[in-house]
Amino acid sequence: MRAFIIPALAASALACGGAQAQERTGMPAVAGAERGGMPAVNPRRATADPDAAMYRTQDEFRSWSRKAGNPRILLFWNVALTDESSSRYRLRAQEDVTVEAYRGTVTRSTDAVIEAERTTGGPSAWLDRDDEGDLESAYVTAFVRAGANLVDRAALMRKVSAARNQDDRVDQQFMETLAVEEGIDYLVEVLPEYRSGSATGMIFGIRVLHVPSSRVVATFRTEARPAAGPERLVARPGGFQRERDERITPDLVAETLASETMRGFL
């Protein structure tokens, strides 16, 4: 039976092919549009860019900076500008003890060091080195990309220290004061810290100062939460639900933070 069915199917296919060929003889060519007279298919709805508002703020900041004459902005990252005008130190003693045993003989050596330890200044919060490096790098990059005339704090302090004596150089607060006076128009202070209840795991304190007048331009605290991704339908128990994906990465958090800081200038 099987050997019969296959040739029969083949013969049927050939017959159909022949019939179709006969039916198309002398017919006009098929038009390019197969849906002649039908309305055009609606194009797919464009997906909104979740970062559109952030980019608009950066463009507005670029225009503001250009109109303001590209003011010099000094960044204090994880360093607070306090009211202490000079650094304070204390003597710190450290003792290292080494015990060695060799052929029944035990020796003990002691290395004692007394040094001056600064008790003012330093980082505002202790962060993981990789976390801090990623956040600061992306934050600075966002400002540079927006055309900011950003001045590096460490480089400026090194520059002003070259003209000071050794006693002045050990006073960090004094050196910061000299650095701020080096034609700086605005000072931006960013104080990051970990926060377990935050969506980004961080909380940032931002302060923008107009240096010549000592005027506070903006001050706020933020999680710097990036905008969620495009809305999409997801199959869940009970049916489809509309959801948005979180886009919390160090780069996007820092760029969002930079955008929120730029808004303080406008």
Side-chain angles (χ1 to χ4, degrees), residues 49-68 70-84 121-128 131-153 156 173 176-177 179-180 184-229 244 246-266:
D49 185 354
D51 297 324
M54 181 173 65
Y55 294 146
R56 280 196 302 270
T57 298
Q58 294 177 2
D59 289 340
E60 292 171 2
F61 175 83
R62 183 182 292 104
S63 298
W64 171 87
S65 180
R66 191 181 301 114
K67 292 177 181 177
N70 295 319
R72 301 184 76 198
I73 301 174
L74 179 62
L75 174 63
F76 270 37
W77 177 275
N78 200 16
V79 176
L81 182 66
T82 66
D83 59 357
E84 295 177 307
S124 175
W126 294 102
L127 303 180
D128 177 81
D131 289 346
E132 184 165 19
D134 292 343
L135 289 168
E136 183 179 6
S137 176
Y139 184 87
V140 171
T141 298
F143 264 91
V144 172
R145 190 172 58 243
N149 187 8
L150 202 63
V151 179
D152 182 74
R153 169 180 169 270
L156 187 59
Q173 272 65 26
E176 286 178 346
T177 302
V180 169
I184 299 299
D185 299 296
Y186 290 91
L187 186 145
V188 175
E189 181 186 81
V190 183
L191 304 179
E193 60 181 276
Y194 293 119
R195 180 65 59 87
S196 59
S198 167
T200 60
M202 303 288 298
I203 191 75
F204 300 90
I206 303 294
R207 187 167 57 149
V208 180
L209 303 176
H210 182 245
V211 175
S213 64
S214 300
R215 177 173 58 91
V216 177
V217 176
T219 179
F220 59 92
R221 290 169 67 82
T222 175
E223 298 179 358
R225 185 174 185 171
R244 295 179 182 270
E246 291 285 2
R247 302 163 58 245
I248 298 175
T249 64
D251 286 351
L252 274 177
V253 169
E255 193 164 6
T256 300
L257 179 65
S259 177
E260 293 179 358
T261 306
M262 293 175 193
R263 203 174 299 132
F265 286 88
L266 304 179

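Computed over heavy atoms, backbone and side chain alike; hydrogens, waters and symmetry mates excluded.
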Chemist: Provide the closest heavy-atom pair for Met262 versus Ala146 in the form atom of the first, atom of the second, distance.
Modeler: CE-CB, 3.7 Å
Chemist: Between Thr200, Ile206, Leu135, which is the residue that forms a side chain to side chain contact (heavy atoms under 4.5 Å, CB included) with Leu257?
Modeler: Ile206
Chemist: Can you give me the closest heavy-atom contact between Pro71 and Asn149, atom names plus distance?
Modeler: O-CB, 3.3 Å
Chemist: Going through the checks in order, is the side chain to side chain contact (heavy atoms under 4.5 Å, CB included) test met by Met202 and Glu223?
Modeler: CA-CA 6 Å; Met202 303 288 298; Glu223 298 179 358; over 6 Å; no
Chemist: Supply the atom-to-atom distance Asp131 CG to Glu136 CD, rounded to the nearest 0.5 angstrom.
Modeler: 12.5 Å
Chemist: Does this structure show an ion pair linking Arg56 with Asp59, if we count only N-O contacts that are shorter than 4.0 Å?
Modeler: no
Chemist: How close do Ala254 and Ala138 get, counting heavy atoms only, and between which atoms?
Modeler: CB-CB, 3.5 Å
Chemist: I need the Leu127 CG to Asp134 CG distance, nearest 0.5 Å.
Modeler: 11.5 Å
Chemist: To check you understand the geometry: which heavy-atom pair defines the closest contact between Glu260 and Ala224, and what is its length?
Modeler: OE2-CA, 4.1 Å
Chemist: Just verifying a value: how many Å separate Glu189 CD and Arg207 CZ, rounded to the nearest 0.5 Å?
Modeler: 4.0 Å
Chemist: Could you measure the distance from the CZ atom of Arg72 to the CG atom of Asp185? Nearest 0.5 Å is fine.
Modeler: 8.0 Å
Chemist: Nearest 0.5 Å, please: how far is OH in Tyr139 from OG1 in Thr261?
Modeler: 3.0 Å
Chemist: Distance check, rounded to the nearest 0.5 Å: Thr57 atom OG1 versus Asp51 atom CG?
Modeler: 11.0 Å
Chemist: Out of Leu150, Val217, Leu209, Val211, which residue meets the side chain to side chain contact (heavy atoms under 4.5 Å, CB included) rule with Tyr186?
Modeler: Val217
Chemist: Ser198 side chain to Tyr194 main-chain N or O, any donor-acceptor pair under 3.5 Å?
Modeler: no
Chemist: So does Arg225 have more than 12 non-hydrogen atoms from other groups sitting under 6.0 Å from CZ?
Modeler: no
Chemist: For the pair Glu193 and Arg195, find out whether any cationic side-chain nitrogen is under 4.0 Å from an anionic carboxylate oxygen.
Modeler: yes
Chemist: Pair Val216, Val208 - check side chain to side chain contact (heavy atoms under 4.5 Å, CB included), show working.
Modeler: CA-CA 6 Å; Val216 177; Val208 180; over 6 Å; no
Chemist: Given side chain to side chain contact (heavy atoms under 4.5 Å, CB included), test Glu255 with Gln58 step by step and report yes or no.
Modeler: CA-CA 10 Å; Glu255 193 164 6; Gln58 294 177 2; 3.4 Å; yes
Chemist: How about Phe61 and Phe143: are their ring centres within less than 6.0 Å of each other?
Modeler: yes
Chemist: Walk me through it: do Val188 and Phe265 pass the test side chain to side chain contact (heavy atoms under 4.5 Å, CB included)?
Modeler: CA-CA 10 Å; Val188 175; Phe265 286 88; 3.7 Å; yes
Chemist: Of all heavy-atom pairs between Pro50 and Ala227, which one has the smallest distance, and what is that distance?
Modeler: O-CB, 3.2 Å
Chemist: Do Ser213 and His210 have side-chain heavy atoms sitting under 4.5 Å apart?
Modeler: yes
